[in-house]
Engineer: 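Before anything else, here's the structure in question.
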Amino acid sequence: RPRPSEPANPAQARAGEGVAIAGGVPNGKARPGRVWRWRNLLVSFAHSVLAGLWALWHSPELLSDIQDGYSVSGHLLVCFSSGYFIHDTLDIIFNYQSRSSWEYLVHHAMAISAFVSLIVTGRFLVAAVLLLLVEVSNIFLTVRMLLKMSNVPSPALYEANKYVNLVMYFAFRLAPQAYLTWYFLRYVEVQGQGAFLTANLLLLDAMILMYFSRLLRSDFFPSLRKGSAGRDVDGEKFLID
């Protein structure tokens, strides 16, 4: 006869335990870091879809004048993304995720300061719109993160997204970044706002290359990963494994 503290059917207990683990809820309780991370990534995904498609729609008409080109819609797009970066920064800080998401805080501080200067002066808005093409890439990068966080087996979907993600990373993250870096170093005056934005751009170059190396090691060269075994990433905003 089972004791009151034991389940009547051990098989049911094991099944229930499996369901709890598969749902990412050990012992039947969701870890706060995991709940926050799901919510935060879903908000990020929504921003990526809206801002990415918005930037993609504007880019062809604005490429002719990166320094002084202007459109009301482009201005609103930069304001919209600035609002998202401010919201995400506060979300990270107020939910005590600063330590695990410090890289995002650095990125957001750079983006907010640069975008505010563009909004105030009305110059280099085209550069910001081009940089926001990165959000098209972020759509697939966020899908990758969500697939890794969910314990639902979907190797075919992850495999397909892995290659699409790589193509999008080149097309909408590395290519616009490389073009703008070349343009700023060649044509933009290295003083005042131009110097500030050039410095921001070079720092962003370093961050993007670092994330790209992580992505390659994780998805294409897993044997090169170091120190990721047994890592608990529930509270981290960046999925580096």
Side-chain angles (χ1 to χ4, degrees), residues 23-25 29-59 73-116 118-119 128-152 154 157-158 161-162 164-165 168-169 172-173 176-177 200 204 207-208 210-212 214-215 218-219 231-241:
V25 188
K29 294 182 180 179
R31 284 178 282 182
R34 177 172 285 270
V35 173
W36 170 81
R37 196 153 175 252
W38 271 100
R39 187 187 70 244
N40 184 275
L41 282 176
L42 289 173
V43 172
S44 177
F45 180 76
H47 169 258
S48 294
V49 172
L50 291 173
L53 295 179
W54 196 347
L56 193 62
W57 179 66
H58 279 91
S59 297
S73 184
H75 202 145
L76 291 175
L77 170 59
V78 177
C79 291
F80 170 70
S81 287
S82 299
Y84 163 73
F85 292 136
I86 293 170
H87 165 270
D88 198 47
T89 298
L90 297 177
D91 188 38
I92 291 170
I93 294 171
F94 290 153
N95 284 281
Y96 308 102
Q97 302 295 331
S98 300
R99 185 176 179 181
S100 60
S101 303
W102 66 269
E103 293 172 349
Y104 247 54
L105 293 179
V106 172
H107 170 272
H108 288 0
M110 292 164 55
I112 292 167
S113 60
F115 281 8
V116 167
L118 308 184
I119 291 168
V129 172
L130 282 173
L131 282 177
L132 285 171
L133 286 173
V134 72
E135 296 301 337
V136 177
S137 169
N138 281 345
I139 294 171
F140 301 93
L141 194 60
T142 306
V143 168
R144 173 189 179 273
M145 293 178 181
L146 294 173
L147 287 172
K148 270 190 168 288
M149 283 181 60
S150 66
N151 292 315
V152 179
S154 52
L157 180 58
Y158 185 89
N161 185 75
K162 178 174 78 172
V164 174
N165 185 34
M168 294 298 173
Y169 205 101
F172 293 104
R173 189 182 294 262
Q177 188 75 21
N200 250 356
L204 193 57
M207 294 180 74
I208 284 178
M210 180 179 66
Y211 300 149
F212 186 54
R214 289 180 182 176
L215 180 66
S218 178
D219 280 358
R231 187 183 182 93
D232 179 9
V233 296
D234 284 342
E236 296 183 358
K237 185 171 174 65
F238 275 116
L239 188 63
I240 66 173
D241 289 337

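No experiment lies behind these values; they were computed from the predicted model shown. Atom set for the values below is all heavy atoms of this structure, side chains included, hydrogens, waters and symmetry mates excluded. One is the number of the first residue; the rest follow in order along the sequence.
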Engineer: Side-chain donor-acceptor pair under 3.5 Å between W57 and S73, yes or no?
Structural biologist: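 Result is no, nothing qualifies.
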
Engineer: Quick check: do V143 and V164 have side-chain heavy atoms less than 4.5 Å from each other?
Structural biologist: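 V143 does not reach V164 side chain to side chain.
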
Engineer: One pair to check against side-chain contact (heavy atoms from CB on, under 4.5 Å): S82 and I112. What are the steps and the verdict?
Structural biologist: CA-CA 6 Å; S82 299; I112 292 167; 5.7 Å; no

Engineer: Does any N or O in the side chain of N161 come within less than 3.5 Å of the main-chain N or O of F140, such that one atom is a donor and the other an acceptor?
Structural biologist: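 Yes; at least one donor-acceptor contact below 3.5 Å.
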
Engineer: Let's go through R173 and F212 carefully: what are the C-alpha distance in whole Å and the side-chain angles of both, what is the deciding distance for side-chain contact (heavy atoms from CB on, under 4.5 Å) to 0.1 Å, and is it a yes or a no?
Structural biologist: CA-CA 10 Å; R173 189 182 294 262; F212 186 54; over 6 Å; no

Engineer: So, taking the atom named CG in D219 and the one named NZ in K162, what distance separates them when rounded to the nearest 0.5 Å?
Structural biologist: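 Output value for this atom pair is 6.0 Å.
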
Engineer: Using the ring of each side chain (for Trp, its six-membered ring), is Y84 parallel, tilted or perpendicular to H108, with breaks at 30° and 60°?
Structural biologist: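 Perpendicular: the ring planes of Y84 and H108 meet at over 60°.
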
Engineer: First locate atom CG of N40, then atom OG of S101, and finally report the distance between them rounded to the nearest 0.5 Å.
Structural biologist: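 So the gap between those two atoms works out to 7.5 Å.
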
Engineer: What is the minimum heavy-atom distance between S137 and M168, and which atoms define it?
Structural biologist: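 Taking every non-hydrogen atom into account, CB-O, 3.6 Å.
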
Engineer: Looking at N95, is its backbone amide N or carbonyl O close enough to the side chain of Q97 to form a donor-acceptor pair, meaning the two atoms are under 3.5 Å apart?
Structural biologist: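 Such a contact is found between Q97 side chain and N95 backbone.
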
Engineer: Using the rule given for side-chain contact (heavy atoms from CB on, under 4.5 Å), can you reason through V43 versus D91, listing the C-alpha separation, both sets of side-chain angles and the distance that settles it, and then say yes or no?
Structural biologist: CA-CA 11 Å; V43 172; D91 188 38; over 6 Å; no

Engineer: Can you tell me how far CG of L50 sits from CD1 of I139, rounded to the nearest 0.5 angstrom?
Structural biologist: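 Result: 9.0 Å between the selected atoms.
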
Engineer: Please name the pair of heavy atoms, one in R214 and one in E103, separated by the smallest distance, quoted to 0.1 Å.
Structural biologist: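 Reported closest heavy-atom pair: NH2-OE2, 2.7 Å.
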
Engineer: Working note: D88 + S44, criterion side-chain contact (heavy atoms from CB on, under 4.5 Å); need CA distance, chi angles, decisive distance, verdict.
Structural biologist: CA-CA 8 Å; D88 198 47; S44 177; 5.9 Å; no

Engineer: With heavy-atom distances below 4.5 Å as the criterion, would you say the side chains of H47 and H87 are in contact?
Structural biologist: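 No. Closest side-chain heavy atoms not under 4.5 Å.
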
Engineer: Return the minimal non-hydrogen interatomic distance between S98 and I93, and the atom names on each side.
Structural biologist: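 Looking at all heavy atoms of both residues, the closest pair is OG-CA, 3.7 Å.
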
Engineer: Does any N or O in the side chain of S150 come within less than 3.5 Å of the main-chain N or O of L147, such that one atom is a donor and the other an acceptor?
Structural biologist: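 Here the side-chain-to-backbone pair exists.
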
Engineer: With a 4.5 Å limit on heavy-atom distance, are the side chains of W36 and I92 in contact?
Structural biologist: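 Yes - at least one pair of side-chain heavy atoms lies under 4.5 Å apart.
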
Engineer: With the side chain counted from C-beta on, respond yes when T89 and Y104 share a heavy-atom pair under 4.5 Å apart, and no when they do not.
Structural biologist: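 They are not in contact (no side-chain heavy atoms under 4.5 Å apart), so the answer is no.
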
Engineer: If we ignore angles and hydrogens, is there a donor and acceptor under 3.5 Å between the side chains of S218 and R144?
Structural biologist: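 A pair is found: one side chain offers a donor N or O, the other an acceptor, under 3.5 Å apart.
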
Engineer: Rounded to the nearest 0.5 Å, how far apart are CZ of F80 and CZ of F115?
Structural biologist: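 It is 12.0 Å, given to the nearest 0.5 Å.
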
Engineer: Measuring from H107:NE2 to I208:CD1, what's the distance to the nearest 0.5 Å?
Structural biologist: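 Going from NE2 on H107 over to CD1 on I208, the span is 7.0 Å.
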
Engineer: For the residue pair G52 and V136, what are the closest heavy atoms and their distance?
Structural biologist: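 Smallest heavy-atom distance, with atoms named: O-CG2, 3.5 Å.
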
Engineer: Can you tell me if T142 uses its side chain to pair, donor with acceptor, with the backbone of N138 under 3.5 Å?
Structural biologist: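 Checking the backbone N and O of N138 against the side chain of T142, a donor-acceptor pair under 3.5 Å is found.
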
Engineer: Could you check if a side-chain atom of L146 sits within less than 4.5 angstrom of a side-chain atom of W38, using non-hydrogen atoms only?
Structural biologist: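 With C-beta onward as the side chain, the pair touches.
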
Engineer: Does any N or O in the side chain of N200 come within less than 3.5 Å of the main-chain N or O of M110, such that one atom is a donor and the other an acceptor?
Structural biologist: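 Here the side-chain-to-backbone pair exists.
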
Engineer: Which value, rounded to the nearest 0.5 Å, describes the distance between L141 atom CG and F172 atom CZ?
Structural biologist: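 Separation between the atoms: 14.5 Å.
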
Engineer: In chain order, what residues pass the ring pair (Phe, Tyr, Trp, His ring centres under 6.0 Å) check against Y96, with sequence neighbours excluded?
Structural biologist: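 Partners of Y96 under the ring pair (Phe, Tyr, Trp, His ring centres under 6.0 Å) test: none.
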
